[in-house]
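Since the model is a prediction, treat every value here as computed from it, not as a measurement. Only heavy atoms go into these numbers, but all of them, side chains included; no hydrogens, no water, no symmetry mates. Each chain gets a letter, A, B and so on, in the order its sequence line appears, and its residues count up from 1.
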Amino acid sequence: MTSGHSWEEERLRAFQTGLSQWYQASGRDLPWRRTSDPYRIWISEIMLQQTTVAAVIPYFERFMNEFPDIQSLANADEQDVLKLWEGLGYYSRARNIHKAANVIIGQFHGVIPSDPAELEQFPGVGRYTAGAIASFAFDRKAPIVEANTLRLYCRLMGYDGDPRSSAGQKQLWQFAEHVLPDNSPGDFNQAMMELGATICSPAEPDCEECPVCACCRSFHDGTQAEIPKLAKRPKVTPLIEATVAIFRDGKVLLWQNQPGEWWSGLWGFPRFTAPWKSELPDQPGAALPIRVNNRLEKTILQKTGLAVETPSFMKLIRHSVTRYRIALYCFTAEFEAGEVDCNGRPTQWVSPEELSGQPLSMTARKLAEIVATESFNP
DNA sequence: GTCCAGGACC
DNA sequence: GGTCCTGGAC
């Protein structure tokens, strides 16, 4: 295994030219590629972290309509930023861009810096995102390594080690720097990502269409299926949870998720580990076994301070969060007695119509829709 | 239904 | 090295 990877000048030129011609002919026209506005580039790059292009596009358009510049974002309430982020996931990204916007307004006179090292100081901006903003918006010669380029670089180098190891990371960043041209490094980086995303795909890359297959070690060796080495999947833990929409005088109780919890900063219906051991039959409207019902009522009292009338089972939602596979049992219930006490957690009573204005997780949103429909047409 | 993709930060 | 989230492909 080689410790460094370097190409001769001639090969480098051929690679850069082939890639650039291919990108000009075949690159997708994406909303954030029509601009060099660092604000738009920055927001798009944050949205694109851990998120696919197709999912990002409508969010990006809405976000830019609502917050067209960094000042409007800094002025906004965090809750309104989270509301625009609803459904995109990884909500710390939304809290971080709001925080960073205020730092840029307060300490950088509203000007996004062009230096990758400075960019990396902002919350939510790591080495990749700093390089992306610096190169795309300012055409600075900053290398990038993210999922698409990681796969592409590993194959170009024929790197069969673990790309997540420190040795692998060192190789990748070194390679990214090595191939980066002086002219239009931003376009070059975009082209690399585009090639990784479209041609050099994880399964069955379309090597016949690749403009640089002549430079590709993995293509030469026929090792595309083994490179890059895939990460081991963490083992999945099943969870059974319950959530309840409690009604009082036509309003429903929400609590706010706290730092360190899932969906921190967003609102939701009281939600907790289900007080039973195995999955229940999935029959909306069906009466719960009496003992299960009693335990549920007792848990609701513990978590909210409220006694409720017999909870009614509405829906089973199956979803996943990181390594957890969750069966979420959704209930509605009518308030009977008590004072709201959710262990110091912020709470509010809202009408079903007001639910649409609250930032909720996707699962809370699903129950909110059921709740709004039921209360409109019970 | 299950599997997979997708960076920052602790 | 573990945690954050969702949607789309299969």
Student: What is the distance from atom CZ of Arg62(A) to atom CD of Glu66(A), rounded to the nearest 0.5 Å?
Tutor: 10.5 Å

Student: Return yes if a side-chain donor-acceptor contact under 3.5 Å exists between Thr363(A) and Arg271(A), otherwise no.
Tutor: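 A pair is found: one side chain offers a donor N or O, the other an acceptor, under 3.5 Å apart.
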
Student: Do we see a donor-acceptor contact under 3.5 Å between the side chains of Arg323(A) and Thr237(A)?
Tutor: yes

Student: Find which nucleotide of DNA chain B each of Thr51(A) and Glu120(A) is nearest to by heavy atoms, and output the residue with the more 5' nucleotide.
Tutor: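 Here Thr51(A) is the residue nearer the 5' end.
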
Student: Does OP1 or OP2 of dG7(B) have a side-chain N or O of Arg93(A) closer than 4.0 Å?
Tutor: no

Student: Between C1' on dA8(B) and OH on Tyr128(A), what's the gap in Å once rounded to a whole number?
Tutor: 13 Å

Student: Between Arg325(A) and Val125(A), which residue's closest nucleotide on DNA chain B lies nearer the 5′ terminus?
Tutor: Arg325(A)

Student: Distance check, rounded to the nearest 0.5 Å: Asn102(A) atom CG versus Glu78(A) atom CD?
Tutor: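 Separation between the atoms: 10.0 Å.
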
Student: Any idea which of dC9(B), dA5(B), dG7(B) is nearest the Pro123(A) side chain?
Tutor: dC9(B)

Student: Between Thr223(A) and Glu226(A), do the side chains contain a donor N or O and an acceptor N or O under 3.5 Å apart?
Tutor: no

Student: Pairs under 3.5 angstrom, nitrogen or oxygen only, protein versus nucleotides 6-8 of chain C, please.
Tutor:
| unit_1 | atom_1 | unit_2 | atom_2 | d |
| --- | --- | --- | --- | --- |
| dT6(C) | OP1 | Tyr91(A) | OH | 3.1 |
| dT6(C) | OP1 | Met362(A) | N | 3.0 |
| dT6(C) | OP2 | Trp263(A) | NE1 | 3.2 |
| dT6(C) | O3' | Gly87(A) | O | 3.0 |

Student: On the nucleotide dA8(B), are OP1 or OP2 found under 4.0 Å from the side-chain N or O atoms that Asn96(A) carries?
Tutor: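 No.
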
Student: Between dG7(B) and Arg164(A), is there an OP1 or OP2 to side-chain N/O distance shorter than 4.0 Å?
Tutor: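 Arg164(A) to dG7(B) OP1/OP2: no side-chain N or O under 4.0 Å.
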
Student: Which residue in the set Gln348(A), Lys83(A), Glu86(A), Arg365(A) passes side chain to side chain donor-acceptor pair (under 3.5 Å) when paired with Gln358(A)?
Tutor: Gln348(A)

